[in-house]
Amino acid sequence: MPELPEVETIRRGLEPHIIGLRLQSILVTDQKILTPSAREGRLAALEGQRIEGLSRRGKYLVMELTRQYLVFHLGMTGQLTLRDPRRPDSRAFQRTITGLERCEQHAPDRHTHLHIIFDDGRQLLFRDIRKFGRIYLLSRTNDELAGFFRAHRLGLEPFTAEYNLKAFLARFRNRKLRVKSLLLNQSFVAGVGNIYADEALFEAGIHPARRVSSLRKAEKERLFFALPTVLQRGIESGGTTFRDFVNSDGERGNNQEKLLVYGRENRRCLRCGTPVKKVVISQRGTHFCPTCQPLKRRRTRLDRD
DNA sequence: CGTTGATCCTGGGCGC
DNA sequence: TGCGCCCAGGATCAAC
């Protein structure tokens with residue numbers, strides 16, 4: 001479930017600690033998470049390369065090395081944590097109450113599929129219970145990164161200049177799918193997943209089952225502003241942890257306490273008190289307030305005969 | 001091309 | 001206590 005805010009939280013946590021480090025060795029214990037570009041010993045080429053940058057595009061985390069890019073996608077349950085073997089580990093990846101577990105690194109276990117060992121002895125561990133995560137290896141010398149994102153059809157990047165109202169409105173075209181489905185499509189706005197899609201639609205007062213073609217301009221504009229709002233809130237709260245997300249220090253996020261509809265089925269809407277409903281759209285659990293996000297436009301004086 | 005639905009994967013929660 | 005069942009969902013791919 002790592003979406004843009006969770007990946008950005010990890011990026012910000014790792015960046016100050018790993019820039020400048022040299023990769024000493026890579027240990028792979030499950031090839032499943034490696035795409036063909038990173039398989040069959042190709043990761044050995046990383047040894048000796050230095051980390052020059054750590055960036056993010058949508059839900060992808062990009063480690064910029066001397067000659068190559070190591071690209072991570074965390075899928076549903078992917079975790080990237082730093083570990084110093086000279087320091088004590090937390091006992092296990094136990095579920096803990098938010099805030100209790102502070103800066104406790106975790107020892108590798110049977111779900112840890114990749115170890116990157118740095119020249120100072122520290123390790124970056126990739127752990128992924130459901131193995132939906134993927135690791136890609138790209139050339140940096142003949143820059144394959146832009147082509148990679150093009151091939152994966154990544155759309156507008158929030159918090160950049162390309163995320164502007166004109167480009168946003170242009171991406172609706174004459175599409176017929178439901179607005180929730182559009183938000184989950186990474187070729188629309190990159191980095192939005194199930195949680196933040198529901199939150200943005202609540203923020204914008206739009207029913208998730210609305211057909212995109214039925215949206216009025218004012219509604220599209222509200223959505224344009226709602227998306228960065230909920231994403232920014234997620235980043236500032238250190239990401240959303242329902243079960244598996246932890247930051248690079250092994251800590252849980254706090255944004256689950258700030259969510260307005262996601263995971264609040266049958267509980268009262270925090271704005272109006274109506275019980276929050278949950279339906280399935282595009283095979284995804286979808287939460288909304290039937291009052292704040294009406295499916296049909298309420299009749300107003302102007303609508304009457 | 002646009003859209004929908006199956007698929008991958010594991011642990012947790014539930015009913016019995 | 002334990003078993004079987006079902007659910008959670010991001011991206012990809014097949015099908016229409």
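This is a predicted model, so every value here is computed, not measured. Letters A, B, ... mirror the listed sequences (proteins, then strands); counts begin at 1.
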* Aromatic plane relationship, A:H113 with A:F126 - under 30° parallel, 30 to 60° tilted, over 60° perpendicular -> tilted
* Structure fact -> The bend of the helix from B:dG2-C:dC16 to B:dC16-C:dG2, taken between the axes of its five terminal pairs at each end and rounded to 10°, is 50°
Any donor-acceptor pair under 3.5 Å linking the side-chain atoms of [Y] with those of [X]?
X: A:S213; Y: A:K176; answer: no
X: A:Q49; Y: A:Q68; answer: yes
X: A:K277; Y: A:N266; answer: no
X: A:S237; Y: A:N254; answer: no
X: A:T77; Y: A:D128; answer: yes

In whole angstrom, what separates [X]'s [atom1] from [N]'s [atom2]?
X: A:R134; N: C:dT12; atom1: CZ; atom2: P; answer: 10 Å
X: A:R110; N: B:dT10; atom1: CZ; atom2: P; answer: 8 Å
X: A:F148; N: C:dT12; atom1: CZ; atom2: C1'; answer: 13 Å
X: A:R127; N: B:dT10; atom1: CZ; atom2: P; answer: 13 Å

* Between A:H111 and B:dC9, does any side-chain N or O lie under 4.0 Å from OP1 or OP2? -> no
Reference residue [X]; test side chain to side chain contact (heavy atoms under 4.5 Å, CB included); the match among [options]:
X: A:Q105; options: A:L82, A:D249, A:T81, A:D84; value: A:D84
X: A:L183; options: A:L201, A:I206, A:V189; value: A:L201
X: A:L61; options: A:L74, A:L70, A:L80; value: A:L80

* Find which nucleotide of DNA chain B each of A:S181 and A:K131 is nearest to by heavy atoms, and output the residue with the more 5' nucleotide. => A:S181
* Apart from A:F148 itself, which Ile, Leu, Val, Met, Phe, Trp or Tyr residues share its cluster (side-chain heavy atoms under 4.5 Å, direct or through members)? -> A:Y60, A:V62, A:Y69, A:V71, A:Y136, A:L138, A:L145, A:F149, A:L154
Which pairs, protein N/O on one side and nucleotides 1-3 of chain B N/O on the other, fall under 3.5 Å?
from: B:dG2; atom 1: OP1; to: A:R173; atom 2: NH1; distance (Å): 3.2
from: B:dT3; atom 1: OP1; to: A:K176; atom 2: N; distance (Å): 2.6
from: B:dT3; atom 1: OP2; to: A:R175; atom 2: NE; distance (Å): 2.8
from: B:dT3; atom 1: OP2; to: A:R175; atom 2: NH2; distance (Å): 3.0

Taking only nitrogen or oxygen atoms into account, show me every contact under 3.5 Å that the protein makes with nucleotides 8-11 of chain C, one pair per line with its distance.
from: C:dA8; atom 1: OP1; to: A:K278; atom 2: NZ; distance (Å): 3.0
from: C:dA8; atom 1: N3; to: A:R130; atom 2: NH1; distance (Å): 3.0
from: C:dA8; atom 1: N3; to: A:R130; atom 2: NH2; distance (Å): 3.2
from: C:dG9; atom 1: OP1; to: A:N194; atom 2: ND2; distance (Å): 2.7
from: C:dG9; atom 1: OP1; to: A:Y262; atom 2: OH; distance (Å): 2.8
from: C:dG9; atom 1: OP2; to: A:G285; atom 2: N; distance (Å): 3.1
from: C:dG9; atom 1: N2; to: A:R130; atom 2: NH1; distance (Å): 3.2
from: C:dG10; atom 1: O3'; to: A:H73; atom 2: NE2; distance (Å): 3.4
from: C:dG10; atom 1: N7; to: A:R284; atom 2: NH2; distance (Å): 2.3
from: C:dA11; atom 1: OP1; to: A:H73; atom 2: NE2; distance (Å): 2.5
from: C:dA11; atom 1: OP2; to: A:K59; atom 2: NZ; distance (Å): 3.2
from: C:dA11; atom 1: OP2; to: A:Q186; atom 2: NE2; distance (Å): 3.3
from: C:dA11; atom 1: N6; to: A:R284; atom 2: NH2; distance (Å): 3.2

Report each atom pair, protein N/O against N/O of nucleotides 13-16 of chain C, whose distance is under 3.5 angstrom.
none

* Linking I/L/V/M/F/W/Y whenever their side-chain heavy atoms sit closer than 4.5 Å, directly or via other members, would A:V7 and A:L4 fall into one cluster? -> no
* With sequence neighbours left out, which residue pairs that include part of residues 243-284 of chain A fulfil the ring pair (Phe, Tyr, Trp, His ring centres under 6.0 Å) condition? -> A:F242-A:Y262, A:Y262-A:H287
* Closest approach of A:C289 to A:V261 (non-hydrogen atoms, all atoms of both residues) -> N-CG1, 4.2 Å
